[in-house]
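Here the structure is laid out as structure tokens; the discussion comes afterwards.
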Amino acid sequence: MKDFDATVGFFEDCPNGFPFGDDIGDVVYFYVDDGTDTGIYMAEKSMTFDRDFWYKIAGSFTELFTSTEAQRLFRNFYRYGCDKGTDGR
């Protein structure tokens, strides 16, 4: 985590965030708890400083693992880098 923060300055850009995974490429998955925008987000590691490039995929970890819509968003962003509006098939 220290190497990740040293590379992209994540905790400066997102003081209320907690990164919990990545795709071994340029995408990081993180949880934000700041009262107004609490939820699970995805963003390119180099773009975490700009909230316009954060994509909210779930409101909580429970939603991430139980909501078919959150799983569809996660799958589409992981595979295609965007929300295709369908399940990608």
Side-chain angles (χ1 to χ4, degrees):
M1 186 131 0
K2 287 181 184 180
D3 291 340
F4 169 68
D5 185 45
T7 303
V8 300
F10 180 83
F11 294 108
E12 258 183 59
D13 300 333
C14 188
N16 297 317
F18 178 76
F20 63 88
D22 68 5
D23 68 351
I24 311 176
D26 192 40
V27 175
V28 63
Y29 309 103
F30 54 99
Y31 175 75
V32 174
D33 185 8
D34 67 0
T36 57
D37 294 321
T38 298
I40 308 294
Y41 290 84
M42 302 172 69
E44 290 184 18
K45 291 175 186 172
S46 60
M47 298 303 289
T48 57
F49 69 91
D50 189 343
R51 286 183 178 247
D52 289 339
F53 292 95
W54 293 9
Y55 302 103
K56 187 172 185 177
I57 57 172
S60 66
F61 282 105
T62 300
E63 183 182 344
L64 179 65
F65 294 112
T66 60
S67 166
T68 55
E69 176 62 12
Q71 291 169 14
R72 183 192 66 75
L73 282 172
F74 183 86
R75 185 174 50 250
N76 279 344
F77 279 111
Y78 177 77
R79 287 184 182 167
Y80 310 110
C82 64
D83 181 15
K84 296 183 76 134
T86 66
D87 66 359
R89 289 186 247 173

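Between Asp34 and Asp37, the shortest heavy-atom contact is OD1-N, 2.8 Å. Between Thr66 and Gln71, the shortest heavy-atom contact is N-NE2, 3.9 Å. The heavy-atom pair separating Ile57 from Ala70 by the smallest distance is O-CB, 3.3 Å. Across all their heavy atoms, Trp54 and Thr48 have their closest contact at NE1-O, 2.9 Å. Across Leu73 and Lys56, no two heavy atoms sit closer than the pair CD1-O, 4.2 Å.
Distance check, rounded to the nearest 0.5 Å: OG of Ser67 to CZ of Arg72 gives 9.5 Å. Note that OG of Ser60 and CZ of Phe65 are 10.0 Å apart. Values are rounded to the nearest 0.5 Å. Separating the OG atom in Ser46 from the CG atom in Asp26 is a distance of 4.5 Å, to the nearest 0.5 Å. Residue Phe53 holds its CZ atom at 15.0 Å from CE of Met42, rounded to the nearest 0.5 Å.
Pro19 places a side-chain heavy atom less than 4.5 Å from the side chain of Val28. In this structure, the side chains of Phe11 and Asp13 stay at 4.5 Å or more apart for every pair of heavy atoms. Residues Asp33 and Phe18 form no side-chain contact, since every pair of their non-hydrogen atoms from C-beta on lies 4.5 Å or further apart.
Ring orientation note: the planes of Tyr41 and Phe30 are close to parallel, at an angle under 30° on the 30°/60° scale.
Heavy-atom contacts from other residues, nucleotides or ligands closer than 6.0 Å to CD of Glu12 number 12 or fewer.
Under the ring-ring contact (aromatic ring centres under 6.0 Å, His included) criterion, Phe20 pairs with Phe61, not counting sequence neighbours.
Side chain of Lys45 to main chain of Phe10: no donor-acceptor pair is present (N/O by atom type, distance under 3.5 Å, no hydrogens or angles).
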